[in-house]
Amino acid sequence: MSWQELLLELTLMPLLAFVIGLAMVLMMRRIAAQIQRRVGPPLLQPIYDIVKLYSKQTQISHGFIHELGIMMAVGGYIAAEALLPVPGMDGLADKGGLITLIYFLMVPTLGMALGVGQCANPNGSIGISRALTAMLAYDIPFVIVVFGVAFHYQTTNLAEIAAIQQAHGVSGWGMMEMPLLALAALFALQGMMGKQPFEVYIAPAEIATGPMVEMSGKFMGGLFVMQSFQYYTAGVLYTILFLGGGENWLTFLPKIFAVVAIPMTIAMLFPRFRTEDLVRLMWKWPVMAGLLGLAFVMN
Amino acid sequence: MNNLILLVVLPLITAFLLPVIDRFSTLAARWSGPLVLLITTFIGASAWLQLGTGAVSLELGGFRPPLGIVLYVDQLALLFAIAVSFGTLLLWPYGNRGGLRQQTLTLLLAGSGSGLALSGDLFNIYVFYELVAVVSYGLAVSLRTPAAFAAAIRYLIISGFGAALSLAGIALIYDATGTLNLAQLAQLAPEKLNDLQGLSAFVLLLIGIGVKAELFPVNTWVPEIYATAPKRVSALLAGLVSKLAVVVILRLLVLIFPQPEAHTLLLVLGILGVLTGELAAWRARDLPRVLAYSSIGQLGIVFIAFSVPGEAGVFAGLAMALHHLLIKPALFLLAERWDGSLAGLTGAAKASPLGAALFVLFSLSLLGIPPLPGFWAKLLVLTSLAQMGAALYYTGAVVIMLGMVLEANYLFRIIARMYQKAPSTGTPPGHGRLDLAISSMLGAGLIAAVFLLAPLADRLQGIAAQTVDVNQYIEAVNPVPTRNPI
Amino acid sequence: MTPLDHLLLLSALTAVFTLAAGNIRSAGWIATLLYAAQGLALVKMWGMGYGPEVADSSISFQLLGQTMHWRFDSLSWFFALITVGAGFFSSWFASGGWADHYRAQGNSLRLFHSALALNVFSMLVLLASGDLLSLFIGWELVSWASFLIMGLASTRAMGYAMRYLTYAIAGAMAILMGIVMVHAQTGSFEFAALAAAVPGMSNGTLWLLLLLFGGGFGVKMALVPVHLWQAKAYAETPGPGAAFLGAISSRMGLFALILVIIQLVGIGRLVGMSIPYTFLDARDLLAWVAVFTMIFPTYIALRQHDARRLLAWHGVGQTGYMLLGVVIMDDLGSAGGLMHVFNYATYQAMLFMSVSAIMYRTGTADLNQLGGLVTRMPLTFIAMLVGIIGLAGLPPMNGFVSKWLIYRSLVAEGMPLLFVGAVIGTLGTILSVYKLIHNSFLGQLRLEHAKVEEAPWSMTLPMLSLAAIVFLTGYFPGVVLDWISALQASVGLPVLAHHLGGVHFAQGGLDMIWINSLLIAGIAIGALIFYSTGRSQRVHQLDNYAGGHFLSADVRYQYSDNFYPGLLHLIGPWYRKSFRWAESALVSLTDALSLAMQGLYRQVQPSIYLLITVVIALSWVNIR
Amino acid sequence: MKDIKKIEIIQRPPPPEPARRTNPLARVFDELVRFCQSRSMFMLHYCTGCGAIELPPAMTSRFDMERLGIQPMVTPRQADILLVTGYVSVKTLKRIILTYEQMPSPKYVIGICSCTVNGGMYWQSYATAKVLKDYIPVDVYIAGCMPRPEAVISGLRALMEDIRTGRGDAWKKYYQNYDFYLGNQQRLFGEKWQTPTDVIAEAHHYGMMTDQTLGEHTDLLEQNEVPLDALRTRLKARTE
């Protein structure tokens, strides 16, 4: 691959991710509206929101780390998109595989946590404390899944994982070969995306949206951008691990939207768990399913 | 070589003459003791140079053994005889502490101790042993406090009981063999003493002589005596007297009782000694008691080492014993002004930095921290134990190590306390100049030993080889073959 | 004089110099230069970092028919590099303002510097050991040198140092027992003799040796269940001393473990030694010990509110990664474990230094009494930030590379539970390092710290240099991996094929140059987006949403104590303090036994007692 | 009570002309931004009184504000509109002002219910601030006791229209006439009145200082003020 092509890919991948992510945000809000029998926001609402936030006159900053946090949150995801292979574009998938990606995705979280920390708002700190606890909760089933998949395909290269699945058709999909792991991953996905019932770290009425409490203007805008990347990443990652990745965009897009739609639908049906209940739940059912699935994979 | 008898006689005579000399000149009386000890040390040293690696026996009054009194001089005996002279010289009650009585007793101790080391005859051993015992009672009560008397009475009871037992043991031996000459016994032992009677005699002797050697069940006098006596005396008892008894036990073990049962008994008692001593020291109330219990433990290790038959065990045991001989007196001297409760030692290092540093040095060596000599001694013990391979011997090794863990803890608990900042109320006292000088000398010796490890080890190995060489003993003494035992 | 002689001599010279002149003002600087000189001496042996060279020392002596000698190979060289480096940076840190402060508190600078120098020297001696006997001598020297530096600060520190000492002596005794057993089997203390005798040993003997050596070395590494001593002892050590100890001291256990168990006994034997009635073998046992060492201490760290203790407990936990990596014993895993030694040393030293800098300026390391220092001590903040990213093992720092290698090898070897255990440890680390940086540097600046200044350059420069190392070795891990592959070759482990950026691996490799460039580019784009729109307005920290409440400076508006209440509400009851309980039970038992023994020695009827003794002894003889 | 009535309404100067942007593209861009701002309004409903009860129906299935791009938010930092729903007591007013000052501009205030217009049924109360716009600039009043959700929605739509056309700039008055608002606030809360926000510094920062921004009341504020400088990152302690 020539460097021009690579550069093109590296530019396109985050851009595409952003656009698709925006559509996913819209989809989430539409799903919520549908379930609540509302009309829901107009088509371009996510763009309106982001443009409005970035065009605020007052941008209240609590210091450089506050700003750096937002840069890391957005930048970390922009970088992570280059590691996620999509149809026709592998990006840098061979330079760092699944494990690298998992760690990469912690960089935005850390950035956000730092930024929130400097705001000196206890609501924000409480939110981060809960978010990290939640991460501890959902990452354990998730790493079981990651291990199972990586061991099953004997590789951590995401492009290869997708390729192996595509070689065997639908029956070769990870979901078919490792249904229990796919289930556990879905559980973890709900937590990773921070959707109800696992959104105690946002808890608007209790801690005033937790980490976001002091975020205004472009800070908040950055978080909106991050959210769209986050949805996209979650969808693509799950699709690559369990739904055969993408042979072409026509099959790929429905898959990732479907993946993201599931947690969003579930989210609107449930109230919120307390932190300790969240941890308990995550460490119980998805871990059990994951370990059982792992046992099938390992034998 | 013949003047070696002076090692025994000269101190004894001077001791009895001391009151007389005192009549004429107090000054002369005060210095005649050290002078005599200096002379005997020189005699011993020159004999050591002459002796080389050989062994000779001296017959007193020209009577040949088994009838005559015989002194057997090999490197082991001479080494300990010199150690007695030199040790008492170092630990002499300088500055007229304790007056004439102390000086007399110390001289008596030097003479009888040398005798004990050199005797080649069970009966003489018994006599000198009793003399040593009596002298120690006197020394132990030299502070004349009620506690000292109480402790000494107990010591007296146990020691007297022990003496009686050893006499019984000697009687049993005489009953079986008709002789008390060690060389002769060595010849006869394999056939005459290799039975129940012999073993019983060994047990009785072991327990009897073990009293002085701080052997496990008969060492209950140790903590109280060491705590109540002047530390100089404790140093003498723990450093010298116990080693003399150990040498006697070693001789008996090598020459007369090489049975496995005897070794096993020694091993078991040694293990129990280490365990009880070190454990008791863990929560002891004051420094002298800590040192006393630790001394019990260390001697336990010596016994464990001697329980390994053959040269390796003797070598290791001798190394341990000599190491302890060097360390313990120094530690007791440092404890002279550091008795009383351990809490009182807080900040002691500030008052006496050199003393505290020496204490650390000796403690480290006592623990067996490389490259200090204590480590090599312990390594010898452990390797010889491991070579035996039997479970009981491994137990011995494990117990020694357990003891070291305990010892490290309690010694360094004390040291940590010393190096704390002193409390505002009353700093602990510093050291007397003499005590400090002697301990520094011993410390210097210890450090010198680090650099002379290789030659020292070779020499000690030679001594061990000579000690276990029964034939050499028999030949050197060359007793008339007993034709007609009773 | 061989290069190794130069190194040891220089190190001894440092010790002598600090002992003699440690009290003069510039002593720290001179000592730092001497450490640098030692580093140069190591550079002279550079070849060992890249190849199978061995440097002998001309010093050796014979005793009791055994020869003791000293030599350096790639394994020693790698550890020595870290040792001298840690000594250099700690001494640098302790040279300027910190030294004045330390002295002003009434402490002896001479004692501190000489303790540090003695530590470095004794570690080099240990690393150079050429046979089991010199290994043990070095081991004891290291133990006592650590004791010295741990205990010199305060009475409380001495208490913890005493606890360490008891553990250390017990461990040393286990090692000595092992050595003595080897001697009994082979009649020699040589490494070669042990290696030659291993094939002929029965599994039982090997198990015993493994437990003795492993237990002994494990004490120094503070593996579970003998981990209790370390954290508190390190935490109470004066700042730079803690940085040094935390960086390298307990790694000596790992060094010895690699030397004896991996190099001499060998992986083949370990795998062959299965534990009856389980699916485990000796290697699995070690691996599980490693995993528990990761998990327990890390979650103990989560509950600490003293920054030094928190870091020290992490130090215990990170040891687990190193051991785990090494006992996987494939090329990736062992490289990961060994690389973690280097990486961990760099950021742990830096973290301890940054905490010392905080203490230097504010006088406290209590996380509940700090906060908001980032605006006052920005350089220290950078150091701590780099450090915690490294400790948590996130890109772009070097900690990520070593953890990646370990994880990757666990996947390749198919060890799922160990993998999950390791991840649980990492997650706990992330939680508590965030708490560390949040409670000290982020959040509300306390009124009394409003006038705090940045630490002096003598303290910030070493931290920032270390930060640069952490970042650069994360960017170009190939540099460290070169040394490690030389080490693997000399120890007999499979050698990791690598390049400057990481490992190329058909089934998913890692190229840190790409990864880090990508991350930096991403953040640069993020910054571009951020700064391309309206200017932001800095506001006072009290201009903060508090539900309409008016904040004033005297209001403590910082969330710090019990930082993870939800989690601890769930897992709090799982902290049973079982190890502490076992330890204190053991001490109580010893106390009781001690009193019983004293009772034995104080009995009032000696004659009856004696009679009983005689009867028992006589009957024992006669029964036999 | 009488004092309040006597307050002389200062003749407000006309808002300064915004710098005319000659670049047509920039004008399009401004249009776009204003459009987005009008179509994305995050509201903070400060439920002080009974009017709040009409908001849930306005938000939920029946009327669905979200189709207009209006969402509830919970912190002033994220909000664009402040809804003051119902009567405002003196104690509450302090919080309202703080909240308003913490909102990032452009920000809009909607007074719902008659109480915010003139005190409504509480016009006699000693503890009620009757005229909200004396204290903070109000963009839209929705009168009624209480206004129905339809009224609320139509008020919001009116505001949207204002924003889109660029007329909704009441928030600028707060910076430009800060002295006036502060004076009214001080009259009610006393001379020590101060919020943790630094309005004058913001006015400086965004170039909205006029000669009406500072005055006798801000002088008084600066006398009593607890310093509220932002924490600048620095290495050395200032030598003050």
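Excluded from the calculations below are hydrogen atoms, water molecules and symmetry mates; all remaining heavy atoms, backbone and side chain alike, are included. In what follows, chains carry the letters A, B, and so on, assigned in the order in which the sequence lines appear, proteins first and then strands, with residues in each chain numbered from 1.
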Asker: Tell me whether A/Glu214 contacts the main-chain N or O of C/Tyr545 through its side chain, where contact means a donor paired with an acceptor under 3.5 Å.
Answerer: yes
Asker: Below 4.5 Å, heavy-atom pairs only: which of A/Ile78, A/Asn157, A/Val143 has the largest tally toward chain C?
Answerer: A/Val143
Asker: Using only atom types and a distance under 3.5 Å, with no angle test, would you say the side chain of C/Tyr575 pairs donor to acceptor with the backbone of C/Tyr299?
Answerer: yes
Asker: Would a distance-only check, ignoring hydrogens and angles, find a side-chain to backbone donor-acceptor pair under 3.5 Å from C/Asp543 to C/His540?
Answerer: no
Asker: In terms of heavy-atom pairs under 4.5 Å with chain C, which of A/Met135, A/Glu160, A/Lys95 leads?
Answerer: A/Lys95
Asker: Using a cut-off of under 4.5 Å on heavy-atom pairs, state which of C/Leu570, C/Asn544, C/Leu567 scores highest against chain A.
Answerer: C/Asn544
Asker: Between A/Ile161 and chain C, which part of the residue has a heavy atom less than 4.5 Å away: side chain, backbone, both or neither?
Answerer: neither
Asker: Answer with side chain, backbone, both or neither: which region of C/Val411 has an atom nearer than 4.5 Å to a non-hydrogen atom of chain A?
Answerer: both
Asker: With only heavy atoms counted, which part of A/Thr58 is less than 4.5 Å from chain C, the side chain, the backbone, both or neither?
Answerer: neither
Asker: Side chains of A/Val107 and C/Pro395: closer than 4.5 Å at any heavy-atom pair?
Answerer: yes
Asker: Given the options C/Ile515, C/Ile571, C/Val420, C/Leu568, which has more heavy-atom pairs under 4.5 Å with chain A than any of the others?
Answerer: C/Ile515
Asker: Counting only non-hydrogen atoms closer than 4.5 Å, does A/Met72 touch chain C with its backbone (N, CA, C, O), its side chain (CB onward), both, or neither?
Answerer: both
Asker: Measure distances from A/Leu136 to the heavy atoms of chain C and classify the residue's part below 4.5 Å as side chain, backbone, both or neither.
Answerer: both
Asker: Using the six-membered ring wherever Trp is involved, compare the ring planes of C/Phe419 and C/Tyr407 and label them parallel, tilted or perpendicular (cut-offs 30° and 60°).
Answerer: perpendicular
Asker: What part of A/Arg130 is in contact with chain C, defined as an atom under 4.5 angstrom from a non-hydrogen atom: side chain, backbone, both or neither?
Answerer: neither
Asker: Where on A/Leu294 is there a heavy atom nearer than 4.5 Å to chain C: the side chain, the backbone, both, or neither?
Answerer: side chain
Asker: Check each atom of C/Tyr434 against the heavy atoms of chain A and say whether the ones under 4.5 Å are side chain, backbone, both or neither.
Answerer: side chain
Asker: Could you look at A/Glu67 and say if it's the side chain, the backbone, both or neither that has a heavy atom under 4.5 Å from chain C?
Answerer: both
Asker: When heavy-atom pairs shorter than 4.5 Å are enumerated against chain C, which of A/Ala134, A/Gly75, A/Ser216, A/Ala80 gives the highest number?
Answerer: A/Gly75
Asker: Can you say whether C/Phe381 sits under 4.5 Å from chain A via the side chain, the backbone, both, or neither, judging by heavy atoms?
Answerer: side chain
Asker: Flag the one option from A/Thr156, A/Ile128, A/Leu278 with the top tally of heavy-atom pairs under 4.5 Å to chain C.
Answerer: A/Thr156
Asker: Report which part of C/Leu417 has an atom under 4.5 Å of a heavy atom belonging to chain A: side chain, backbone, both, or neither.
Answerer: side chain
Asker: So which residue, C/Met512, C/His438, C/Gln444, ends up with the most heavy-atom pairs under 4.5 Å with chain A?
Answerer: C/His438
Asker: Is the C/Phe400 to A/Tyr103 ring centre distance short of 6.0 Å?
Answerer: yes
Asker: With a 4.5 Å cut-off on heavy-atom pairs, point out which of C/Leu519, C/Ile525, C/Ile437 contacts chain A the most.
Answerer: C/Leu519
Asker: Which heavy atom in A/Gln59 sits nearest to a heavy atom in A/Gly217, and how many Å separate them?
Answerer: OE1-CA, 3.2 Å
Asker: Under a 3.5 Å cutoff, is there a donor and acceptor pairing between the side chains of C/Tyr475 and C/Ser517?
Answerer: yes
Asker: For A/Asn123, is it the side chain, the backbone, both, or neither that has a heavy atom closer than 4.5 Å to a heavy atom of chain C?
Answerer: side chain
Asker: Under a 4.5 Å heavy-atom cutoff, which of A/Thr275, A/Thr155, A/Val213, A/Ile65 has the most pairs with chain C?
Answerer: A/Thr155
Asker: Could you tell me if the side chain of A/Met106 sits less than 4.5 Å from the side chain of A/Asp139, heavy atoms only?
Answerer: yes
Asker: Would you say the side-chain atoms of A/Ser129 pair up with the backbone N or O of A/Ser125, donor to acceptor, closer than 3.5 Å?
Answerer: no
Asker: Between chain A and each of C/Leu394, C/Leu385, C/Leu528, count heavy-atom pairs under 4.5 Å; write down the option with the most.
Answerer: C/Leu394
Asker: Between A/Phe104, A/Phe219, A/Trp283, A/Phe151, which shows the greatest number of heavy-atom pairs under 4.5 Å with chain C?
Answerer: A/Phe104
Asker: Contact part of C/Ala392 toward chain A, heavy-atom cut-off under 4.5 Å: side chain, backbone, both or neither?
Answerer: backbone
Asker: Where the side chain of C/Tyr557 meets the backbone of A/Ala120, is there a donor-acceptor pair that is under 3.5 Å apart?
Answerer: no
Asker: So, is the end of the C/Lys435 side chain (NZ or CZ) under 6.0 Å from the ring centre of C/Tyr564 and within 45° of the ring's axis?
Answerer: no
Asker: What residue in C/Ala412, C/Gly393, C/Ser532, C/Gly443 has the most heavy-atom pairs under 4.5 Å with chain A?
Answerer: C/Gly443
Asker: Answer with side chain, backbone, both or neither: which region of C/Ala527 has an atom nearer than 4.5 Å to a non-hydrogen atom of chain A?
Answerer: both
Asker: Sort A/Ile60 into side chain, backbone, both or neither according to what part of it lies under 4.5 angstrom from a heavy atom of chain C.
Answerer: both
Asker: For a quick test of reading the model, state the closest non-hydrogen atom pair linking C/Gln558 to C/Leu442 and the distance between them.
Answerer: NE2-O, 3.4 Å
Asker: Give me the atom names and distance for the closest heavy-atom approach of A/Ala79 to C/Leu518.
Answerer: O-CD2, 3.3 Å
Asker: Is it true that a side-chain atom of A/Glu81 and a backbone atom of A/Met13 form a donor plus acceptor pair closer than 3.5 Å?
Answerer: no
Asker: Crowded around A/Phe296 CZ? As in, over 12 foreign heavy atoms under 6.0 Å?
Answerer: no
Asker: Give, as side chain, backbone, both or neither, the part of C/Ile520 having an atom under 4.5 angstrom from any heavy atom of chain A.
Answerer: neither
